[in-house]
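Position 1 is the first residue of the sequence, and the numbers go up from there.
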Amino acid sequence: MLGRAAAVVSAFVIAACQPMDGSQTTIGTNYGQLIEPGQPVQVALLAPAGSGSADLERLARSLKNAARMAAADAQGANIDLRIYDSGTSTASAVAQANAAADAGAKIIIGPLFAEGANAVGNAMRDRNINVLSFSNNTEIAGGNVFILGTSFADIANRLVGYGVRQGKRNVYVVAEDDIAGQIGGRAIEQAIARNGARLAGRTNHPVSISGIDAATPQIVAAAQSGSVDAVFMTANNQAVLPYLTQKLTAAGVSSPVTQFMGLTRWDQPTNRLGMPQLQNGWFAIPDQSLKAQFDARYRAAYGEQPHELAGLAYDGVAAISSLVRAGKRNALTTSGLTQRSGFAGVNGVFRLRPDGTSQRAMSVASIRGNQLVILDPAPRGFGGAGF
């Protein structure tokens, strides 16, 4: 079997999160606590600390520190940030969310994992509290649960839309046969339909060397048929991307003739930049200049590089701060959170949708000459190309 590795969607940051001008969206059920303008607003953060995992402890530390930065930056809004270590279990996440609600929390940011976020949402629904989870799993979004993470749907829509504008309309989907791969595959197919492209076929493969070896001839035959412009791979498992693209390239299929696209970051880890088979492939990333600004501020404050997901905590707290600053009693309700124009956030422009998903601005990137290259910069507002 190929080694398992979690798919991490990167987060990027600027100094403050501001609401964009525009009207608000309303939905049928309006969850959320009302606030008293000018009074402190208690915000609870659920961080995955206490798990015993070094990687998760670093992530938890970054989420906490980024949230503190956002609260400190909340000029004109009094944010009473309270942090709860919820570990990784669903039961712990629910228990800490209930403790936060008992203590007076008006809104909850976190937890990290989809199952825990779904359970916390259920527990908080009767208490009329909205939950801004760190998850990117759209299947848990809705009701009083929002996802702050960048979803496969957002990435797929950005890349397919860009591809259509470049004449890459016939898209072949290659997906792992695990849960993440199948969710990603569905997101790509939906993006194909949404952008007026054509689904040229699909291959599912096991997450194993033998599984990829068996699937490669079918993908190669489709790519060389003359009816495929692009091969869009989920490649959610980090070991899949280098091996699959190497097999395809060895068989004569490579970018840009048959354009490779991927749902995950192709520039991370950095040793991928030198892989010949990944040159000229397309993937999506947030605004790099914004990430650099946040990273520099974080390093200066805490003496270490932030985790790639740290910006999600900053975004959540800063979005709340900007709405509280506006002085509206419904700032933390569904109608307040889902303003159509969204926020100029630390990860670029983003907005929370009435269905609980988020929409984020991303750049289309590639690797050329072993260097990261931006092909189409992230939009700075909604309504133009890239959205």
> Can you tell if the side chain of H205 reaches within under 4.5 Å of the side chain of V174, non-hydrogen atoms only?
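The answer is yes; the side chains approach within 4.5 Å.
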> Are N370 and Q279 close enough that a side-chain donor and a side-chain acceptor fall under 3.5 Å?
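Indeed, the side chains of N370 and Q279 share at least one donor-acceptor pair under 3.5 Å.
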> In residues 116-127, what donor-acceptor pairs under 3.5 Å come from side-chain atoms, sequence neighbours left out?
from: N122; atom 1: OD1; to: R125; atom 2: NH1; distance (Å): 3.1
from: N122; atom 1: ND2; to: N118; atom 2: O; distance (Å): 3.4
from: R127; atom 1: NH1; to: N98; atom 2: OD1; distance (Å): 3.2
from: R127; atom 1: NH1; to: D102; atom 2: OD1; distance (Å): 3.1
from: R127; atom 1: NH2; to: D102; atom 2: OD1; distance (Å): 2.5

> What pairs of residues pass the salt bridge (charged side-chain N to carboxylate O under 4.0 Å, His left out) test when at least one of them lies in residues 270-281, not counting sequence neighbours?
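Residue pairs with at least one partner in residues 270-281: there are none.
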> So does R299 pair up with E304, basic N to acidic O under 4.0 Å?
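Here R299 does not pair with E304 in a salt bridge, since their nearest N and O are not under 4.0 Å apart.
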> Are the side chains of R68 and I83 in touch, meaning some heavy atoms are under 4.5 Å apart?
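Yes, their side chains come closer than 4.5 Å.
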> Going hydrophobic residue to hydrophobic residue with side-chain gaps under 4.5 angstrom, can you get from V145 over to L337?
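Per the 4.5 Å side-chain linkage, V145 and L337 are not co-clustered.
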> For V349 and P379, work out which heavy atoms get closest and say how close.
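Looking at all heavy atoms of both residues, the shortest contact is CG2-O, 4.1 Å.
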> Does this structure show an ion pair linking D295 with R297, if we count only N-O contacts that are shorter than 4.0 Å?
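Looking at R297 together with D295, the answer is no, because their closest N to O distance does not fall below 4.0 Å.
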> Should D267 and R265 count as an ion pair when the cut-off is N to O under 4.0 Å?
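Answer for the salt bridge query: yes.
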> Hey, could you give me each pair passing salt bridge (charged side-chain N to carboxylate O under 4.0 Å, His left out) that has a residue in residues 181-196? Not counting sequence neighbours.
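Residue pairs passing salt bridge (charged side-chain N to carboxylate O under 4.0 Å, His left out), neighbours aside: E139-R186, E189-R202.
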> Which pair of heavy atoms, one from N130 and one from T334, lies closest together, and at what distance?
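Nearest pair, atom of N130 first, then T334: ND2-N, 3.5 Å.
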> Looking at N195 and V164, what are the two nearest heavy atoms and their distance?
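What the structure gives for the nearest pair is O-CG2, 3.8 Å.
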> Does anything in residues 37-80 pair up under ring pair (Phe, Tyr, Trp, His ring centres under 6.0 Å), and if so which pairs, sequence neighbours excluded?
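Listed once each, the pairs would be none.
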> Is it true that atom CD1 of I179 has more than 12 heavy atoms of other residues, nucleotides or ligands lying nearer than 6.0 Å?
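No, the 6.0 Å shell around CD1 holds no more than 12 heavy atoms from other groups.
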> Under 3.5 Å, is there a donor-acceptor pair linking the side chains of T203 and Y172?
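Indeed, the side chains of T203 and Y172 share at least one donor-acceptor pair under 3.5 Å.
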> Could you go through L199 and V173, starting from their C-alpha distance and side-chain angles, then the distance that decides it, and tell me whether this counts as side-chain contact (heavy atoms from CB on, under 4.5 Å)?
CA-CA 8 Å; L199 177 62; V173 179; 3.6 Å; yes
> Report, one line per pair, each donor and acceptor closer than 3.5 Å where one atom sits in a side chain of residues 216-224; sequence neighbours left out.
from: T216; atom 1: OG1; to: I212; atom 2: O; distance (Å): 2.7
from: Q224; atom 1: NE2; to: A251; atom 2: O; distance (Å): 3.3

> L34 versus K106: any side-chain heavy-atom pair under 4.5 Å?
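No, side chains not in contact.
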> Of the non-hydrogen atoms in G185 and T234, which two are nearest, and what is the gap between them?
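Result for this residue pair: N-CG2, 3.6 Å.
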> Can you label the angle between the F283 ring and the W266 ring as parallel, tilted or perpendicular, going by 30° and 60°?
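Ring orientation of F283 relative to W266: parallel.
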> Test of understanding: with salt bridge (charged side-chain N to carboxylate O under 4.0 Å, His left out), list the residues that count as partners of D177, not counting sequence neighbours.
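For D177 there are no salt bridge (charged side-chain N to carboxylate O under 4.0 Å, His left out) partners, ignoring immediate neighbours.
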> Taking C-beta and beyond as the side chain, do S227 and N170 meet within less than 4.5 Å on heavy atoms?
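Not touching, per the 4.5 Å side-chain cut-off.
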> Any side-chain heavy atom of Q33 within less than 4.5 Å of one from I107?
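Q33 vs I107: side chains apart.
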> side-chain contact (heavy atoms from CB on, under 4.5 Å), that's the test. Do Y31 and T333 meet it? Break it down for me.
CA-CA 5 Å; Y31 294 99; T333 67; over 6 Å; no
> Please report the closest heavy-atom contact between A114 and S135, naming both atoms and the distance.
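Where A114 meets S135 most closely, the heavy atoms are CB-OG, 3.7 Å.
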> For the pair Q339 (side chain) and G342 (backbone), establish whether a donor and an acceptor sit closer than 3.5 Å, ignoring hydrogens and angles.
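Yes, because the side chain of Q339 sits within donor-acceptor range (under 3.5 Å) of the backbone of G342.
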> For E115, enumerate each residue passing the salt bridge (charged side-chain N to carboxylate O under 4.0 Å, His left out) test, keeping only those at least two apart in sequence or located in another chain.
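Here no residue qualifies.
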> Can you get from F134 to I140 by hopping between Ile, Leu, Val, Met, Phe, Trp and Tyr side chains that sit under 4.5 Å apart?
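No, F134 and I140 fall in different hydrophobic clusters.
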> I'd like to know if the side chain of S53 pairs up with that of D55 as donor and acceptor (distance under 3.5 Å, no hydrogens or angles considered).
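Judged by distance alone, the side chains do not pair up.
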> Output all residues satisfying side-chain hydrogen bond (donor to acceptor under 3.5 Å, both in side chains) with N128, sequence neighbours left out; order by chain, then residue number.
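Result, side-chain hydrogen bond (donor to acceptor under 3.5 Å, both in side chains) vs N128: none returned.
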> Can you find a heavy atom in the side chain of K291 that is under 4.5 Å from one in the side chain of E308?
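Yes, their side chains come closer than 4.5 Å.
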> Mind checking whether I147 and L332 sit in one hydrophobic cluster, side chains of I, L, V, M, F, W, Y counted as touching below 4.5 Å?
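No; L332 is not reachable from I147 via cluster members.
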> If you look at every heavy atom in A101 and I129, which pair is closest and at what distance?
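So the two residues come closest at CB-CD1, 3.7 Å.
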> Using the ring pair (Phe, Tyr, Trp, His ring centres under 6.0 Å) rule, collect all pairs that involve residues 79-125, keeping only residues at least two apart or in two chains.
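Found none.
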> Passes side-chain contact (heavy atoms from CB on, under 4.5 Å), S358 versus L352? Steps please.
CA-CA 4 Å; S358 63; L352 299 173; 4.1 Å; yes
> Taking the side chain as everything from C-beta on, heavy atoms only, tell me whether Q288 gets closer than 4.5 Å to S363.
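No, every pair of side-chain atoms sits at 4.5 Å or beyond.
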> Do the side chains of S322 and F343 get nearer than 4.5 Å, heavy atoms only?
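Yes. Closest side-chain heavy atoms under 4.5 Å.
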> Looking at R169, I'd like to know if its CZ atom is crowded, meaning that more than 12 non-hydrogen atoms belonging to other residues, nucleotides or ligands lie closer than 6.0 Å.
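Not more than 12 within 6.0 Å, no.
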> Give me each pair satisfying salt bridge (charged side-chain N to carboxylate O under 4.0 Å, His left out) with a member in residues 235-257, each pair once, sequence neighbours excluded.
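Residue pairs passing salt bridge (charged side-chain N to carboxylate O under 4.0 Å, His left out), neighbours aside: D213-K247.
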> Can you pull out every salt bridge (charged side-chain N to carboxylate O under 4.0 Å, His left out) where at least one residue sits in residues 228-245? Sequence neighbours excluded, please.
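For residues 228-245: none.
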> Do L159 and V257 belong to the same hydrophobic cluster, where Ile, Leu, Val, Met, Phe, Trp and Tyr are linked whenever their side-chain heavy atoms lie under 4.5 Å apart, directly or via other members?
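No, L159 and V257 fall in different hydrophobic clusters.
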> Do R360 and D287 meet the salt-bridge criterion of a basic N to acidic O distance under 4.0 Å?
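Here D287 does not pair with R360 in a salt bridge, since their nearest N and O are not under 4.0 Å apart.
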> Residues two or more places apart in sequence or in another chain: which of them pass side-chain hydrogen bond (donor to acceptor under 3.5 Å, both in side chains) with S210?
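In terms of side-chain hydrogen bond (donor to acceptor under 3.5 Å, both in side chains), with neighbours along the sequence ignored, S210 is linked to S208.
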> What do the steps show when you test V171 against R198 for side-chain contact (heavy atoms from CB on, under 4.5 Å), and what is the final call?
CA-CA 6 Å; V171 182; R198 184 182 75 88; over 6 Å; no
> Test ring pair (Phe, Tyr, Trp, His ring centres under 6.0 Å) on W282 and F260; report intermediate values, then the result.
CA-CA 6 Å; W282 294 349; F260 288 171; over 10 Å; no
> Group every Ile, Leu, Val, Met, Phe, Trp and Tyr by side-chain heavy-atom contacts under 4.5 Å, then state whether V94 and I109 land in the same group.
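The answer is no; the residues belong to distinct hydrophobic clusters.
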